[in-house]
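Residue numbers start from 1 in every chain, and the chains themselves are labelled A, B, ... in the order their sequence lines are given, proteins ahead of strands. Atom set for the values below is all heavy atoms of this structure, side chains included, hydrogens, waters and symmetry mates excluded.
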Number of protein chains: 2
Amino acid sequence: MSISKNEYERLARFRRALRQFLRFSELAAHQEGLTPQQHQMLLAIKGMPGRDWATVGELAEALQLHHNALVQLVDRAVTIGLVVRLADPEDRRVVRVQLAANGEAVLHRLTAQHQDELRRLREDLTGLLTSLPDVSA
Amino acid sequence: MSISKNEYERLARFRRALRQFLRFSELAAHQEGLTPQQHQMLLAIKGMPGRDWATVGELAEALQLHHNALVQLVDRAVTIGLVVRLADPEDRRVVRVQLAANGEAVLHRLTAQHQDELRRLREDLTGLLTSLPDVSA
DNA sequence: GCTATTATATCATCATGTGATATTATCACA
DNA sequence: TGTGATAATATCACATGATGATATAATAGC
């Protein structure tokens with residue numbers, strides 16, 4: 001089955017909109033002095049249902065990174081005071097990563113900006129998603 | 001104005017879903033022997049309305065990269081036979097980047113996979129987007 | 001207690017985005 | 001035309017960050 005030029009154009013518009021959102025997000029993070037991944041890590045921690053910490057492994061899953069990449073990410077975030085490492089009382093292999101006060105403050109500011117931007121993009125993105133052709137096979 | 005824990009959780013779910021889609025995309029590209037950016041460049045070219053080529057500047061805009069990063073991207077893509085550089089007959093400053101036969105074939109395969117994946121994710125993503133709280137200010 | 005498995009950490013390496021700078025072409029306007 | 005300003009692409013040195021291989025430590029199964 002072939003794919004029409006029109007369909008390529010639609011997908012390209014979708015990816016461009018996505019890329020623009022991500023770029024906005026990267027720049028917003030940089031303006032707060034963080035890398036984009038540091039921001040995503042803060043959000044993933046704060047976003048853990050019913051908890052205020054996450055393990056290294058959970059964060060790796062959330063950010064779709066390998067554990068070793070995440071260890072380095074945590075290292076840097078600890079250095080600049082965004083998060084702290086805590087021992088898990090129940091399983092001593094586990095490290096709990098928790099927001100530091102400054103991490104909490106930065107995340108709050110970034111989140112507010114992102115909500116605004118997402119409201120602005122919402123229609124574009126959902127439009128491009130729902131206009132995908134239904135099953136081709 | 002503060003942001004509820006619930007709202008952080010919702011945003012975290014959205015970013016995770018996004019990240020999972022992007023990760024799927026990265027892996028699909030790698031399995032075809034491309035970097036994710038090479039794939040995005042092919043799609044951006046094919047997605048130019050009414051044309052089958054794009055300038056370096058247009059691609060930089062579409063991928064939200066600086067021109068110099070894009071030049072390097074084109075270099076590598078030319079080397080492995082995904083695209084070709086053509087002179088623009090109307091403006092000799094401009095370089096037209098066009099798909100090579102192999103680039104076309106790879107893009108077709110990747111696009112089919114992505115359509116399937118997007119159909120699968122569509123509900124999740126639109127759900128998380130439309131449930132954003134309305135204006136807070 | 002012995003082995004397998006899970007969680008985190010370390011390190012060398014490589015790819016890629018950035019900033020500064022260069023080169024060439026076009027345009028506005030004298 | 002010709003001169004300066006701007007635009008499009010290119011080059012290069014550098015730094016960040018992901019990956020793969022390997023290590024260390026703790027837990028679980030039996």
Atom [atom1] of [X] to atom [atom2] of [N]: distance rounded to whole Å?
X     : N      : atom1 : atom2 : value
B:Q72 : D:dT9  : CD    : C1'   : 12 Å
A:H30 : C:dG17 : NE2   : C1'   : 10 Å
A:L63 : D:dT19 : CG    : P     : 12 Å
B:M41 : C:dG17 : CE    : P     : 11 Å
B:L73 : C:dT16 : CG    : P     : 8 Å
B:E61 : D:dA8  : CD    : P     : 12 Å
B:E26 : C:dT16 : CD    : P     : 12 Å
B:D88 : C:dT26 : CG    : C1'   : 12 Å

Checklist entry - Which part of the nucleic acid does B:H67 contact within heavy-atom distance under 4.0 Å: base, sugar-phosphate only, or nothing? => result base
Item to check | Mutual orientation of the aromatic rings belonging to B:H39 and B:H114 [parallel < 30°, tilted 30-60°, perpendicular > 60°] | outcome: tilted
Checklist entry - 5'-most contact on DNA chain D: B:V71 or A:E90, nearest heavy atom basis? => result B:V71
Next on the checklist: Nearest 0.5 angstrom please: A:L128 CG to A:L18 CG, how far?
Outcome noted: 10.0 Å
Checklist entry - If you round to the nearest 0.5 Å, how far is CD1 of B:I80 from CD of B:Q38? => result 4.0 Å
Side chain of [X]: nearest nucleotide among [options]?
X     : options                : value
A:D91 : C:dT18, C:dA9, D:dA26  : D:dA26
B:R76 : D:dA10, C:dT16, D:dT19 : C:dT16
B:V95 : D:dA10, D:dT27, D:dT19 : D:dA10
A:R85 : C:dT8, C:dG17, C:dA9   : C:dA9
B:A69 : D:dT9, C:dG17, D:dG17  : C:dG17

Checklist entry - Looking at A:L42 and A:L107, what are the two nearest heavy atoms and their distance? => result O-CD2, 3.6 Å
Checklist outcome for this item: With five pairs defining each end axis, the helix from C:dC2-D:dG29 to C:dA30-D:dT1 comes out bent, to 10°, by 30°
Checklist entry - Are B:L27 and B:F24 joined in one hydrophobic group, where the rule is that I, L, V, M, F, W and Y side chains link up if heavy atoms are under 4.5 Å apart? => result no
Checklist entry - Taking a hydrophobic cluster as the set of Ile, Leu, Val, Met, Phe, Trp and Tyr residues connected by side-chain heavy atoms closer than 4.5 Å, whether directly or through intermediates, do B:V83 and B:M48 fall within one such cluster? => result no
Next on the checklist: Tell me if the side-chain of A:R93 makes a donor-acceptor pair with the base of C:dT8, cut-off 3.5 Å, by modelled atom types.
Outcome noted: no
Checklist entry - Is any side-chain N or O of A:N68 under 3.5 Å from a base N or O of D:dG20, one able to act as donor and the other as acceptor? => result yes
Next on the checklist: Below the 4.0 Å mark, does C:dG17 have OP1 or OP2 next to a side-chain nitrogen or oxygen of B:Q37?
Outcome noted: yes
Checklist entry - Within the pair B:R92 and C:dT26, is there a side-chain N or O less than 4.0 Å away from OP1 or OP2? => result yes
Next on the checklist: Using the rule given for salt bridge (Lys or Arg N to Asp or Glu O under 4.0 Å), can you reason through A:R19 versus A:E26, listing the C-alpha separation, both sets of side-chain angles and the distance that settles it, and then say yes or no?
Outcome noted: CA-CA 10 Å; A:R19 190 69 193 86; A:E26 290 166 19; 3.3 Å; yes
Next on the checklist: Quick check against the 3.5 Å criterion: does A:E32 have a side-chain atom that pairs as donor or acceptor with the backbone of A:A29?
Outcome noted: no
